[in-house]
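Below is one structure; the comments refer to it alone.
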Protein chains: 2
Amino acid sequence: MTASRSRRANAAWESLLTAHAALMKRFAAEPIWGELSMREYDVLYTLSKHAEPLRLYELGRDVLLSQPALSRLVDRLAERGLIERAADPADGRGVRLALTAAGREAQRRVGGRHAVDVARAVAVLTDEEMRQLEAIGRKLAARTEPSTPDRQEASR
Amino acid sequence: MTASRSRRANAAWESLLTAHAALMKRFAAEPIWGELSMREYDVLYTLSKHAEPLRLYELGRDVLLSQPALSRLVDRLAERGLIERAADPADGRGVRLALTAAGREAQRRVGGRHAVDVARAVAVLTDEEMRQLEAIGRKLAARTEPSTPDRQEASR
DNA sequence: TTGAGGTAGATGCAAACGCATGAACATCAG
DNA sequence: CTGATGTTCATGCGTTTGCATCTACCTCAA
């Protein structure tokens with residue numbers, strides 16, 4: 001990897017970070033969330049994308065939260081009747097998480113309003129840029145297998 | 001705004017969110033951070049980008065953290081000798097925040113290692129995509145003035 | 001079949017966070 | 001000059017988070 005390519009990569013990542021922070025703040029300031037925090041909405045949204053119940057660790061892939069924090073967040077949402085926990089018949093350790101009717105309704109209600117704000121914020125991009133961003137995000141999120149396996153031992 | 005454009009905008013934003021979460025997790029798992037949390041590094045990095053001391057609220061624009069949380073994070077970094085707080089002579093309310101020598105050194109040490117990981121993660125993109133991402137991020141972060149000023153009153 | 005090692009999720013606890021609010025200063029109309 | 005309003009940062013307090021660890025279960029070689 002050349003130095004200029006590394007510099008460009010870091011500039012691109014910083015740009016993504018800045019945009020993420022700026023838009024997250026803008027969205028958080030919108031009066032659309034009702035009694036859901038953005039993180040809670042994130043969990044409900046992730047569940048709403050899947051027809052099948054999700055395992056906790058599957059949720060954890062999408063939500064930027066530690067496993068214990070996610071476990072307790074799911075706790076609270078279950079106590080509030082928005083999520084249903086069920087034991088996984090195929091794996092005695094696991095749980096199957098699904099939206100309840102109330103949870104789905106809450107996700108739809110908030111999600112509809114949030115989508116409007118997202119569309120407004122992203123509207124500064126051209127259609128072409130939106131397509132580019134979607135493609136770039138997909139490539140970045142795709143797990144790259146460790147090209148240098150000895151990185152594992154490089155731990156402190 | 002057409003419905004298809006809104007859908008594309010939301011897909012693009014979700015793609016950005018997913019990439020952000022995936023890469024943040026990957027970076028957090030790297031054994032490069034020493035005694036700095038990623039948020040602490042973020043603050044040190046932001047300060048390192050500016051020659052002049054920063055005000056707390058200026059830091060807050062870049063760091064995704066509430067003002068009280070940022071105030072206390074700065075507290076801790078100052079106690080550890082990485083940041084210097086000084087009263088702002090031009091504004092009795094404000095503080096001027098700057099890296100100490102130790103803070104700059106810590107930022108450089110961790111930043112150098114982190115940049116390698118960033119470059120590796122972003123290397124899945126072509127040069128052209130890196131440029132696109134940088135441009136897109138810049139456009140998204142640029143504050144769009146409220147096109148519909150009556151949104152202010154639409155608060156609950 | 002068994003037991004060693006791995007994985008999924010829950011829990012104790014200290015640290016950190018967000019919300020509401022306070023204190024100090026700045027600004028500006030009258 | 002003065003008081004009303006806005007801004008900047010700090011602090012009290014209840015909630016949430018992360019780290020370390022625990023329990024329960026799964027997997028698989030011997």
Side-chain angles (χ1 to χ4, degrees), chain A residues 21 24-25 27-31 33-44 46-47 52-80 82-98 152 155-156, chain B residues 21 24-25 27-31 33-44 47 53-80 82-98 152 155-156:
Chain A
M24 287 299 278
K25 289 200 170 196
F27 295 149
E30 297 289 345
W33 299 102
E35 46 230 272
L36 290 178
S37 70
M38 285 185 78
R39 274 203 250 260
E40 289 167 344
Y41 172 75
D42 195 6
V43 166
L44 297 189
T46 302
L47 287 176
E52 310 286 312
L54 282 186
R55 299 291 296 267
L56 190 64
Y57 74 93
E58 294 175 306
L59 253 187
R61 280 200 297 257
D62 287 325
V63 179
L64 196 47
L65 216 51
S66 71
Q67 177 269 315
L70 185 54
S71 178
R72 283 188 254 240
L73 176 50
V74 164
D75 266 354
R76 280 171 255 137
L77 290 171
E79 271 169 36
R80 288 163 59 184
L82 300 175
I83 281 185
E84 183 168 34
R85 298 176 99 114
D88 188 333
D91 185 340
R93 300 165 299 180
V95 292
R96 293 158 54 87
L97 305 168
Q152 304 298 344
S155 152
R156 41 154 180 181
Chain B
M24 287 299 279
K25 289 201 171 196
F27 296 148
E30 297 289 345
W33 299 102
E35 45 231 274
L36 290 179
S37 70
M38 284 185 78
R39 274 204 250 261
E40 288 167 344
Y41 172 74
D42 195 6
V43 166
L44 297 189
L47 287 176
L54 281 186
R55 298 290 296 269
L56 191 64
Y57 75 92
E58 296 175 305
L59 252 186
R61 280 201 298 259
D62 287 326
V63 179
L64 195 49
L65 215 50
S66 71
Q67 177 270 315
L70 185 55
S71 177
R72 282 188 254 239
L73 176 49
V74 165
D75 266 355
R76 278 170 259 137
L77 290 171
E79 270 168 38
R80 288 163 59 183
L82 300 175
I83 281 185
E84 183 168 33
R85 299 174 98 116
D88 188 333
D91 185 338
R93 300 165 299 180
V95 291
R96 291 158 56 86
L97 304 168
Q152 303 299 342
S155 151
R156 40 152 180 203

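Lettering follows sequence order; numbering is per chain, from 1.
Atom CE of Met38(B) and atom P of dG18(D) are 12 Å apart (whole Å). Atom CZ of Arg39(A) is separated from atom P of dG18(D) by 7 Å (rounded to the nearest Å). Residue Leu59(B) contributes atom CG, which lies 14 Å from atom C1' of dT8(D) at whole-angstrom precision. Between the C1' atom of dA16(C) and the CD atom of Glu40(B) lies a distance of 10 Å, rounded to the nearest Å. In this structure, the CG atom of Leu65(B) is 14 Å from the C1' atom of dC19(C), given to the nearest Å. Rounded to an integer number of Å, the gap from CG of Asp88(B) to P of dA10(D) is 13 Å. The separation between Leu64(A) atom CG and dT16(D) atom C1' is 15 Å, rounded to whole Å. Between the C1' atom of dA10(D) and the CZ atom of Arg76(B) lies a distance of 14 Å, rounded to the nearest Å.
Remark: Arg85(A) is in phosphate contact with dA10(C), judged by side-chain N or O atoms under 4.0 Å from OP1 or OP2. For dA15(C), neither phosphate oxygen OP1 nor OP2 lies less than 4.0 angstrom from any side-chain nitrogen or oxygen of Arg72(B). At least one side-chain nitrogen or oxygen of Arg55(A) sits closer than 4.0 Å to the OP1 or OP2 atom of dG9(C). Considering only side-chain N and O atoms, Ser71(A) lies nowhere under 4.0 angstrom from the phosphate OP1 or OP2 of dG9(C). Phosphate proximity of dT27(C) to Arg93(B): absent, as no side-chain N or O sits under 4.0 Å from OP1 or OP2.
When each of dT17(D), dG9(C), dC26(D) is scored by its nearest atom to the side-chain atoms of Ala69(A), the top-ranked nucleotide is dT17(D).
Within the nucleic acid shown, Arg96(A) has no heavy atom closer than 4.0 Å to any nucleic acid atom. Asp91(B) comes within contact range of the sugar-phosphate backbone alone, with a heavy-atom separation under 4.0 Å but no base atom that close. Leu70(A) comes within 4.0 angstrom of nothing in the nucleic acid, heavy atoms only.
The distance from atom CG of Leu59(B) to atom CG of Leu73(B), rounded to the nearest 0.5 Å, is 9.0 Å.
For Glu40(B) and Arg80(B), the salt-bridge test passes: some basic side-chain N is under 4.0 Å from an acidic carboxylate O.
A donor-acceptor pair under 3.5 Å links the side-chain atoms of Thr46(A) to the main chain of Asp42(A), judged by distance alone. The backbone N or O of Val63(A) sits less than 3.5 Å from a side-chain atom of Lys25(B), completing a donor-acceptor pair.
For Glu58(B), the CD atom is densely surrounded, since the number of other residues' heavy atoms within 6.0 Å is greater than 12.
Along DNA chain C, the nucleotide closest to Pro89(B) and the one closest to Pro68(A) are compared, and the more 5′ of them pairs with Pro68(A).
Judged by atom type and distance alone, Gln67(A) does not reach the base of dA8(C) through any side-chain donor-acceptor pair under 3.5 Å.
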